[in-house]
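Atom set for the values below is all heavy atoms of this structure, side chains included, hydrogens, waters and symmetry mates excluded. To find a chain, count down the sequence lines: A is the first, B the second, and so on, and within it residues start at 1.
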Amino acid sequence: MTAPTLNQVARTGERSSFLGRASGSPLMRLVARRLFVSILIVWAISALVFAMLAAMPGDVARNQAGMGASEEQVDDLRRQLGLDQPPVARYFLWLSAVFRGDFGSSLISGQPISTLVAERLPVTMELVLLAFVVSLAIAIPVAVLAARKPGGIFDRGVMVVSMTLLAVPNYVLALLLVVVFAVLLRMLPAIGYVPLSEGIIPNLISVTLPVAALAIPLAAFYTRFLRGDLVEVMNSQDYVETARSKGAGPWRVLWQHAFRNSSFGMLTIVGLNIGGLVGGTVIIEQIFAMPGLGVMLLQGALSGDSPVVLVCVIIFAAVAVGANLVVDLMYAVLDPRIRYGSH
Amino acid sequence: MAVTDLTARPTSASVMRASALRRRLLVWVPAGFLLLLMAVCFLGPYVLPLPSPIGGSVLDSALPPGSPGHPLGTDTDGNDVLARLIHGGRSSLFVAITVNSIGLIVGGLIGAVSAYAGGVTDAIIMRALDILIAFPSLVLIIVIAQGLGPSVPTTILALIAFSIPAVARLARAATLRVTSMPFIQAAELSGSPAWRVLLRHIAPNIAPQLLSFLMLGMGIIIVAEGGLSFLGLGIPVPNPSWGNMIFSGQQALSATPLQVLWPSLALLFTVLSFNLLGENLRDEMTGR
């Protein structure tokens with residue numbers, strides 16, 4: 001029905017079996033276990049990325065010392081940066097510093113990474129949250145309207161438009177938006193970010209195009225998913241028949257009965273999407289010159305600034321893992337079959 | 001499942017025929033387009049009288065479409081746009097086909113073995129995949145691509161790291177459904193070794209599902225490769241790829257707006273075709 005990304009397709013098939021296994025234990029044990037596993041996964045990612053970055057070719061100390069630096073100067077700098085230690089020792093030094101709240105500093109600018117993240121994380125979070133709100137605000141009404149009459153003219157139109165939008169990569173969509181709204185119509189700025197402190201309206205205007213570039217494909221994806229799920233529920237569930245035979249009107253059946261059920265599947269998909277969406281912000285932030293975490297990661301990767309890359313990747317991974325955790329737990333809270341440990 | 005479907009209306013034969021025709025068209029049009037695209041991209045450079053896609057002269061820069069010898073004009077470096085489009089398509093398709101084939105074989109094998117073996121093996125493999133999947137994929141790809149330097153093999157490697165866990169999860173879920181079937185027990189009881197059960201009984205049963213997923217995967221990988229090349233981390237310039245053509249088109253947006261259009265359209269139609277094909281194959285198989 002939809003064309004989600006690789007991981008989404010792969011994971012949705014899995015969900016029921018995971019829930020099946022987890023449903024044997026009471027809610028609190030489930031929460032504790034899942035939280036523990038999530039922390040373990042983020043920790044494993046930090047180790048994996050550290051190993052990857054350590055294995056990458058390139059000598060940061062030599063690059064930073066400059067062309068004319070003598071061998072001693074390079075060695076001094078290497079010792080200063082802690083790069084003379086073996087990777088395993090460096091990892092544990094880094095880890096213990098993190099537990100003390102010290103994320104290290106950028107090799108290039110020398111600024112503490114916590115300061116950089118504090119500046120940039122809000123920008124990325126704003127883009128991602130707005131994109132989610134906008135895409136759901138479009139997708140839910142459109143999907144419900146389309147599911148009202150499957151195969152009708154509105155439904156077909158929605159399916160064709162959403163299929164086409166799904167095939168447009170977000171970087172192409174971003175350029176299209178720039179051409180139309182910034183170059184031709186001159187309505188919105190092509191690039192640049194105005195912080196919230198300079199007023200909410202200028203801020204919203206500056207993020208309109210990037211948010212649209214993120215939200216439109218997402219809305220198309222959610223619409224197709226929700227519409228498919230609604231149609232299936234409407235056609236196959238006994239309680240929908242019951243509601244109809246009690247004399248509930250078609251809209252009431254759609255909203256009160258079918259949509260409530262479909263919102264569970266929707267929740268899963270949204271949770272799985274968050275990881276992909278924060279990853280997708282890298283290109284969008286780059287195109288629109290947004291001072292977010294994605295650009296920081298990209299610049300860090302391009303300049304070999306491994307402490308910055310490490311922290312960025314961990315934040316991205318933690319957001320993705322955290323979103324999945326929240327979705328799993330919300331599932332447990334919302335679905336009585338899981339809450340009471342019976343299936 | 002509802003016992004009786006009160007809402008079903010009788011459908012006339014002509015409506016049925018029209019919808020069957022529409023379904024068939026939705027498979028054959030994208031399939032035909034993709035076959036044509038592959039023929040042009042893989043054979044075109046040898047058969048068609050195309051100029052070289054690189055090393056153009058500044059004297060020919062930014063010619064409009066329809067110029068003699070350059071049907072789609074030239075870019076700001078004076079290279080023929082059509083030639084770059086075809087060569088770029090060849091690298092995009094080559095990368096996507098390679099990544100998906102390797103992803104399918106390795107990921108499918110990991111998933112099937114994991115599900116079939118069960119127990120500790122399964123738990124360890126699944127936790128490892130959990131970690132890989134928790135990575136925001138593009139971020140992982142950027143780190144790999146940058147670390148190893150942009151090149152075609154690096155691009156392929158980076159994208160495989162993203163493809164394998166996804167296929168493995170899907171293959172595992174599909175295998176779990178198959179292993180509970182009676183014919184698997186029958187094969188085991190008749191003394192077939194595990195590898196034989198996997199290859200002869202499980203593989204053919206999970207293959208259709210994986211293949212329809214592969215079509216969606218082609219679209220996803222082509223978009224991801226385009227994104228990498230767009231960021232300058234994929235196919236290294238001056239070699240053409242749709243992604244880096246879109247990037248250079250963006251740089252020259254005000255001077256030659258058409259330059260960004262061609263690779264974007266190529267990307268759109270290719271991904272759309274793969275998505276349509278994947279969805280329709282899946283619908284056929286699930287009988288919807």
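Interface residue A:L48: only side-chain heavy atoms are found under 4.5 Å from chain B. Within the 4.5 angstrom heavy-atom criterion, atoms from both the backbone and the side chain of B:L276 approach chain A. Only the side chain of A:V309 comes within contact range of chain B, with heavy atoms under 4.5 Å apart. Of the atoms belonging to B:V260, it is side-chain heavy atoms, and not backbone ones, that fall under 4.5 Å from chain A. At a 4.5 Å heavy-atom cutoff, the contact between B:L231 and chain A is made by side-chain atoms alone.
Annotation: maximal heavy-atom pairing with chain A below 4.5 Å, among B:L268, B:T270, B:I222, occurs at B:L268.
In terms of modelled atom types and a separation under 3.5 Å, the side chain of A:R224 and the main chain of A:M159 share a donor-acceptor contact. Here the side chain of A:D305 pairs no donor or acceptor atom with the backbone of A:Q299 at under 3.5 angstrom.
For the residue pair B:S151 and B:T154, a side-chain donor N or O sits within less than 3.5 Å of a side-chain acceptor on the partner.
For the ring pair (Phe, Tyr, Trp, His ring centres under 6.0 Å) test, residues two or more places apart in sequence or in another chain that qualify with A:Y171 are B:F230.
The environment of CZ in B:F269 is sparse: at most 12 heavy-atom neighbours from other residues, nucleotides or ligands sit within 6.0 Å.
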